[in-house]
Every structure is written in structure tokens, then in C-alpha cells.
Amino acid sequence: MPRSVALSGASGLLGSALRPALTTAGWQVRPLVRRAPHPGEVRWDPAAGTLDAAALAGVNAAVHLAGESIAEGRWTEAKKAAIRSSRILGTRLLSESLARLPQRPEVLVSASAIGIYGERGDALLNEDSLLGSDFLAEVGKEWEAATAPAADAGIRVVHLRLGIILARDGGALPRMVRPFLLGAGGPIGSGRQWMSWIALDDAVRVVLEVLQNPEARGPFNAVAPEPVRNADFAARLGEVLHRPALIPVPAFALRLLFGEMADAALLSSQRVLPARLGALGFEFRHPTLLGALGAVLAR
């Protein structure tokens, strides 16, 4: 019988790429859905605190990727509450449900983010670095802590601290590409802030690695080994698109448009290295930004 994995966020950027990769690797995927489930799916509603635990019976693993987008519009108090609750309530509900199963799964891979380190300037960050104290860092800490019921029940828990995922048809990259195609591309703010990124297919491979490797436990930075300054990112993107990268977006304009979100998600600096993936011997297909952008944006 194929091994089975429960998957939340299956329709998101990473989840939609991960699902066929799991199937190819021999896993039977049971997506968690909020609508009426089809056969093989698991009904859940994190806001209401409900999950059909009977439909999880026999799963060998779980991958939890669901969560409200942080980069859509201004952060009102309602938006910030949704960012927090969508991560913490869903993670806690899934962790508690897995912990109560008569036959518990071996592993839970739960999404997190490098925002947990906060604004750190030029500091090199690995999984042992101190965590931040701003809004996204506090959310990240609560998000990871919400897996405690699973860990306490003896389930191997991996926290996947994701960087910016580079994909042709989703996530942040298409929004970055648009101004370049109009001849108006350039760095954001000062351009000195560090960006830690990962190509989508490498992000999928990281999930498969930590899911199937019994040595993987705790936090893993899911980022490529070449973080770059924002100005260098803009230059490499312009090079791949054959467009200039000369028109900066002023920080004050971003703050006028997006408020707190501009500083936390667009102007903050996190220079993150995948130290623990390196210790596992994981090899990136796209370790350099120029190669990754060329592969992702190739027609």
C-alpha cells in the first residue's frame, strides 16, 4: 500500500507544485479542504476548530502549508488578526488532531517563514540565530509553538522556514517582473536590504527531503545558499528579462501605499543561510540567483 500524507494548503503556490511531486514519489495525498470533501479529501475548518479526524486515520505523515497571505494590501488590525489566526489556529488544530489519532503519523512538516528572525540588517542568520520581536517574528514564534501537541505525542516535527519562493506563475516574482517589462524596474527603497529566496522546484525538493529523512527535526531554513541585496536582485532580474533596472521605488511611497506591511515584508533585511539543509547533504538545483531566475522565467 502507498504511504499516505495529509496536505493542507494544497491549492497554494507551494502546495500545488508539491502534490504531484508527492504522488510521483509514491505518496497517496489526502488534501485538507474547507468545502465539501471529495473521496480521499479531509474536511476541516480551522476558524471553527473542526477537523474530520476519522478521515486522517492511517496517514503516515502530514505537510501543513495553509495560511493567510501577508503581502496583499495594507495591514489593518483585521488583516493582522487573520494572518495570526490562520497560522496558529490551523496549526494547533491539525497538531492536536494528529496527536489524538490511535495510530499517529511519523512526521509533521509545518510551514514557517524567515520572518521569524525579524529585521536583521547584514547579520548572517542560521537556524540557531536569535529570533526577532516584530509582528511577523512574533507570529512565527507562535506558529511554530502551535505544533507542540504533535511533538509532545512523539511525532517528528519539522518547521520549514521558507524564504521568498520564486515561481513563474505565482507568489511575489510575477509582481516584481511587471514593472521591468514596462521599463520601470529597479530596486526597492535603498536596495541594501538582503533577500533570501528559493526556486519553487527546490522548495518542493526540500519538503520531500525533510519529510522522508528521519534525521530532519526542528527548524530548517528553506532558502538557497546565495542571499542577495535587493539592488542585486533587481539587476539580475533585469539581466534575465533584458530590461533596465534603474528606477528605484522610494521607501516613503511604499509606506504610503502599504503602511506597516512595507517595512515588515518589503523593506526588511534577512540574510539567511540553509545551514541545516547543508548538514543533511541537500544539494540545490538552483543555488545561484541568476541561474534560478533564468530557469524559472524560461519560456
(message) If you define the side chain from C-beta out and look only at heavy atoms, does anything of Leu237 sit under 4.5 Å from Leu173?
(response) yes
(request) Using a 4.5 Å cut-off on heavy atoms from C-beta on, say whether the side chain of Leu162 contacts that of Leu14. (result)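 Yes - at least one pair of side-chain heavy atoms lies under 4.5 Å apart.
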May I ask you to decide whether [X] forms a salt bridge with [Y], counting only side-chain N to carboxylate O separations under 4.0 Å?
X      : Y      : value
Glu106 : Arg3   : yes
Arg229 : Asp232 : no
Glu260 : Arg74  : no
Asp122 : Arg271 : no
Lys79  : Glu68  : yes
Glu41  : Arg35  : yes

(request) Would you check if there is a donor-acceptor pair between the side chains of Trp27 and Gln212 at a distance under 3.5 Å? (result)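 Gln212 vs Trp27: donor-acceptor pair found between side chains.
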(message) Within a 6.0 Å radius of atom CZ on Arg43, are there more than 12 heavy atoms belonging to other residues, nucleotides or ligands?
(response) yes
(message) Using the rule side-chain hydrogen bond (donor to acceptor under 3.5 Å, both in side chains), only one of Arg217, Glu215, Glu209 pairs with Asn213; which is it?
(response)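 The residue from Arg217, Glu215, Glu209 that satisfies side-chain hydrogen bond (donor to acceptor under 3.5 Å, both in side chains) with Asn213 turns out to be Glu209.
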(message) Can you confirm whether or not the ring centre of Trp75 sits under 6.0 Å from the ring centre of Phe258?
(response)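 No; Phe258 has its ring centre 6.0 Å or more from that of Trp75.
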